[in-house]
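Worksheet: one structure, shown below.
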Amino acid sequence: MSISQEEMRPSPEAMLKAAQAEESNGDRGKLRIFLGYAAGVGKTYTMLEAARQRKLEGRDVVAAYVESHGRAETDALLEGLEIIPKAQREYQGVLLPELDIDAALARKPQIVLVDELAHTNIPGSRHEKRWQDIEELLAAGIDVYTTVNVQHFESLNDIVTQITGVAVRETVPDSILDRAAEVKLVDIPPEELLQRLHQGKVYVPAQAAWAAQKFFRHGNLIALRELSLRRTAARVDDEMRSYMETRAIPGPWPVTERLLVCASGSPFSEKLIRTTRRLAEELKAQWVTVYIETPSLAKQQQENRERVWHDLRLAESLGAEVATITASSVPEAVIDYATRHNVTRIVVGKPTKSRWREILRPPIVDQIIRLSGAIQVHVVSISGVSKSTVSSRTSKSKKTVPLYEYLTSLVLVAAATALSALVMPFLSPTNMVMIYMLAVVVAAVLLSLKPAILTAALGVLAFDFFFVAPRWNFSVNDTEYIFTFFGLFIVGTVISTLVAKGKERTEAMRERELQTESLYYLSRDLAASVDMESVMAAVLKNISETLNAKLAILVPCGELMNISTISKSLTLDEKELAVADWSYRNRQPAGAGTETLGSAELLCLPLHTTARFLGVLSVKLENKSDYRSPPHRRLLDAFVTQISLAMERVQLAQQAEQAQVLQARETLERALLNSISHDLRTPLVSIIGALSSLRDKNLQMDDKRRQDLLSGAWDEAERLNRFVGNLLDMTRLEAGELRINKEPCDVQDLIGCALAALDQKLGNRDVSVKLSEGLPFVSMDMVLMTQVLVNLIDNALKYSPSDSSIEIMAQIEANHLIIAVFDHGPGIPEPELKRIFDKFYRLPVPEGVNGTGLGLSICKGIVEAHDGNIWAENRSGGGLKIALQLSL
Amino acid sequence: MQEDTNLPRILIVDDEPAIQRFLKIALSIGEFALFQAESGHAALSAAVTTKPDVILLDLGLPDMDGIEVIKSIRQWSQVPIIVLSVRDREADKVKALDTGADDYLTKPFGVAELLARIKVVLRRSLQQIPDPIFRIDELEVDLARRLVLIRGAKVSVTPTEYELLRLFVINAGKVLTHSQILKQIWGAGYMEQPHVLRVNISNLRHKLEKDASRPRYIITESGVGYRFQS
């Protein structure tokens, strides 16, 4: 990337950022922040002044939460503004006022005033923090005016604490400030502020009186003021830069940097993360926070995991990309990630462990530095973190070693000693080392690390005591044995450690394998599901087993959420349904382990693909701490993706099927139209032709010719009539409107009617009727079956030579009535025998015989509506047989 | 409109001008006096004013159900009514016949068929005393002596079969619905049992027809009833 190239064109990232900002601003409300450096500078006052001005301009302004703290001037400004009453929520027996967010959403003004951006809501409120409430208001399209002090911003939190010595607990993500439409700095000289304090015009809650004294020192105030001025200036600088970038104004752009910092669960991680953010700010760089989970870390105590969780969320809120990686070695994983993701700088903390521990185990920092290659490494001082925040980084393993393992190691050593005693006459003492080695190996495989090392130690001692001259004594004559002792001990320790590590790794891998396996099974089951029910069943089965959880899937149904599937023995009460509802509406996770409605007892994750939002997965984990464990959350995220894809696939498949059905119907309709258009017109040609000739006075015509024309027109008219009838039958069949009036019918009568209907066409053709003796009356719709026989006989007449005969046969066979029509025509090629019953199917016939292709399909429709069968066969002597079968 | 009072008068009721035209031309053979009406109400008043001998009534009238027209006329007159209907409306035909119509024609029909039907109903209404001996083709029925002869040879029939044949002969050329036949021969209680009718028809056919599969005398009118062909 050459810098000159970058200079001249607006970078895609900048354009994208600007476009996104414009787009999201379309329906989002605008946030206007009134920023001050301390309480009492007049933020609320300024906000109210601005609000009144807006109101005079005609905008719809409402005060949802304005804290005047009893100051008369502030109260005066509230006059005349519409106020939404605060919600009174109970907490530990006391009624406390809170922002009534639902009332504000329902009222939907153009502008709403919400004081104190950094406020933490009472537990049990919808969101943990007020800034989240404000985000929701903005998402609903309402503009918000709010106030905040500079020390509440996440990235400045630790600096402010350093300056003032007072820890500020309530924090707000910096992204809020960055994305705000407008930031108005409310500034007064510190002297004036102090004067106001003395005049009692600054609100200070009683319990903070002492802290306030400490806080409101002149030096502090100056520093804070500078901080707030700087922060505002940085924002202005940002605006200027993006302006310049989108318009490709050349400027001194720095090379694109990318920073990496590790979250390890250590108490120093937090400081490292904040420092990295400031560095990234200065460099205008992106930064990544990575958590490397090694097998040993995976077994850490819950507290550490919570810290990791917290650190990752903090990093995210500060604007970092976050990634979690499983690996066996931290330094290598860090460098690997850094190389693959084009990281230019790694930020690490200065080592804190004492010198002698460093020798034994080189600190991670050194390893990283060694492996870093072209990547820069920033080493940051992390001293100054108060001791109280460093909780003891206690034992790595959760399990305590049971006592019997130590006893077993004693037993092993004793056994080795006994064995050695047995072989002592035959072997030199050096060989007995091997026996003790064997004991150590056995101990390493069977026991934990500590007992195994103990075995090595005891082995050395036993060897020395029992077998090395002088015996029964710990002293050694031949000093060469010292090497043997050390060798035995070191090898024993190494073996034990390796085996222990191997076991750990195996266990971690096994756990991961289980998780991967569960994901595989879920994917496999989902891939096999063809409808929503099987998707739900697959989800329930797989997830509840793997995560040891109960779950429910909810899908939107109109305005509400419906439970589509739910584990047995799980019920969702109203509150929990509300969590699911919120999660779906706001397209975000909610519930335990998140910052929204975190007190709920379940976790709700929205199910969505890029194209659509499908519903919500609600999970109740058996083990509450798992809500915050990264591997569990990762697994849940993977599951959510799979489920969403499967649901989308099923929905799309259903839509595709419907589209296919629609298309088939359209194809049929088109064929119908084509047929109609052709077959209606053709007979008319002859009719109109004949009639026009007959009308023509100029045409000389003798009687015979006249008769020919007339009889031709007559035939065609009959044909047209028949075709119209067929069409009507066809449409009624298709529409499913065929009503069958079944009555016991005389088969002979039936055939007679059919023949009578075709009387004219039959002419002189030889038609024989063979009925078996004693045919019973058969239940059928006389009119429809007559039509069937008419079509069949008509078919036989058309497709066989005019001098050949036609046979009609009826008999009883195995509780069925069989009626068959035989002709002596050319028959039909074997592969087509089934297809002749298809709609609009016409055999290519050389003679000018034409049919509509509908006759046989109508027969099929009627016969099948009687629950009967119809089929065609070629006769052995030539000709076609079409038979139908009805049950008695 | 011919006003010759000697000729039989036919009232044609149809709302389709094309069909009116066709019927007028077809029937203007010098044998009939023709009158026309285009709707049910017009038909009712024309029936009073023109006193027709036959009414051709289209069932698909716009303003009134054809059945209602029949009912209305039957309240004060037994004038023969032939209904014109379309294919696949068998139920309508049966209803019309049961309400009082005498016969039906399925559109499209030929002129020959039309004339035949008209002649049949006219003959019946004009005739006062039926001929006791009925002869057609090879069949002879002597109503006075209760004899049935095929090609001169006596045929033995059961009493029910004879009654059935007698009914047919008296109504030769006219269609009879299942229920009309059942009611006449077996009584009102048998109206829902066409089975017994079919069996008798089948037996009769075997006795009378040369080829029972292609009957010449007793013709089945699918879905409606039977007609004894003259």
Side-chain angles (χ1 to χ4, degrees), chain A residues 710 714 717-722 724-729 731-732 737-760 762 767-771 773-790 793 807-810 819, chain B residues 18 22 25 85-95 104-113 175 177-179 181-182 190-229:
Chain A
L710 287 170
W714 170 268
E718 288 266 279
R719 187 173 143 209
L720 192 54
N721 191 21
R722 203 190 310 282
V724 168
N726 273 350
L727 269 185
L728 282 172
D729 286 340
T731 41
R732 252 185 299 140
E737 271 179 29
L738 212 55
R739 257 163 303 179
I740 305 196
N741 301 320
K742 277 193 187 171
E743 277 181 332
C745 292
D746 183 357
V747 179
Q748 187 175 51
D749 204 355
L750 178 72
I751 297 175
C753 279
L755 289 171
L758 286 168
D759 197 41
Q760 285 234 330
L762 281 173
V767 178
S768 64
V769 179
K770 283 198 200 67
L771 302 167
E773 286 293 316
L775 273 180
F777 284 12
V778 180
S779 177
M780 63 175 98
D781 183 313
M782 179 79 159
V783 178
L784 290 175
M785 288 309 292
T786 312
Q787 180 68 34
V788 169
L789 277 182
V790 164
I793 299 170
E807 291 98 49
I808 304 170
M809 185 236 13
I819 305 179
Chain B
F22 154 65
I25 296 171
S85 171
V86 296
R87 191 186 87 140
D88 299 324
R89 303 302 298 249
E90 270 72 29
D92 291 351
K93 294 171 196 160
V94 172
K95 199 158 168 221
Y104 72 95
L105 278 166
T106 308
K107 292 195 265 196
F109 49 83
V111 171
E113 232 185 312
V175 70
T177 65
H178 298 297
S179 45
I181 301 172
L182 285 167
Y190 278 79
M191 295 261 275
E192 299 302 318
Q193 297 184 34
H195 184 84
V196 60
L197 174 56
R198 284 190 230 275
V199 173
N200 277 286
I201 296 274
S202 176
N203 293 340
L204 253 187
R205 274 200 180 128
H206 276 112
K207 290 180 182 172
L208 301 179
E209 306 277 0
K210 203 190 267 180
D211 179 2
S213 308
R214 296 184 74 167
R216 186 251 170 264
Y217 305 108
I218 304 175
I219 307 294
T220 306
E221 302 274 327
S222 266
V224 178
Y226 298 95
R227 184 194 306 273
F228 193 86
Q229 200 163 269

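In what follows, chains carry the letters A, B, and so on, assigned in the order in which the sequence lines appear, proteins first and then strands, with residues in each chain numbered from 1.
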Crowded around B:K95 NZ? As in, over 12 foreign heavy atoms under 6.0 Å?
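Not more than 12 within 6.0 Å, no.
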Verify the neighbour count for atom NZ of A:K742: are there more than 12 heavy atoms of other residues, nucleotides or ligands below 6.0 Å?
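Enclosed.
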For the interface with chain A, which of B:A212, B:G223, B:P215, B:S202 has the highest count of heavy-atom pairs at distances below 4.5 Å?
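Maximum pair count with chain A is reached by B:A212.
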Identify which part of [X] has an atom lying under 4.5 Å from any heavy atom of chain B, answering side chain, backbone, both or neither.
{"X": "A:L720", "value": "neither"}
{"X": "A:E718", "value": "neither"}
{"X": "A:D781", "value": "neither"}
{"X": "A:N721", "value": "side chain"}
{"X": "A:L750", "value": "neither"}

Drop me the distance from [X]'s [atom1] to [Y]'s [atom2], to the nearest 0.5 angstrom.
{"X": "A:D746", "Y": "B:I201", "atom1": "CG", "atom2": "CD1", "result": "9.5 Å"}
{"X": "B:H206", "Y": "A:Q748", "atom1": "NE2", "atom2": "CD", "result": "4.0 Å"}
{"X": "A:D749", "Y": "B:R205", "atom1": "CG", "atom2": "CZ", "result": "4.0 Å"}

Might you point out which heavy atoms bring B:R198 and A:C745 nearest each other, and give the distance in Å?
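In terms of heavy atoms, the two residues are closest at CD-CA, 4.3 Å.
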Least distance between heavy atoms, B:S213 atom then A:L755 atom:
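Shortest heavy-atom contact: O-CD1, 4.2 Å.
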Among A:L728, A:V767, A:V769, A:I808, who wins on heavy-atom pairs under 4.5 Å with chain B?
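Max contact count across the listed options: A:V769.
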Considering only heavy atoms, which portion of B:V199 lies under 4.5 Å from any heavy atom of chain A: side chain, backbone, both, or neither?
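For B:V199, heavy atoms of backbone and side chain both lie under 4.5 Å from chain A.
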Please tell me if the side chains of A:N741 and B:E90 come closer than 4.5 Å, counting only heavy atoms from C-beta onward.
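A side-chain contact is absent here, since even the closest heavy-atom pair is not under 4.5 Å.
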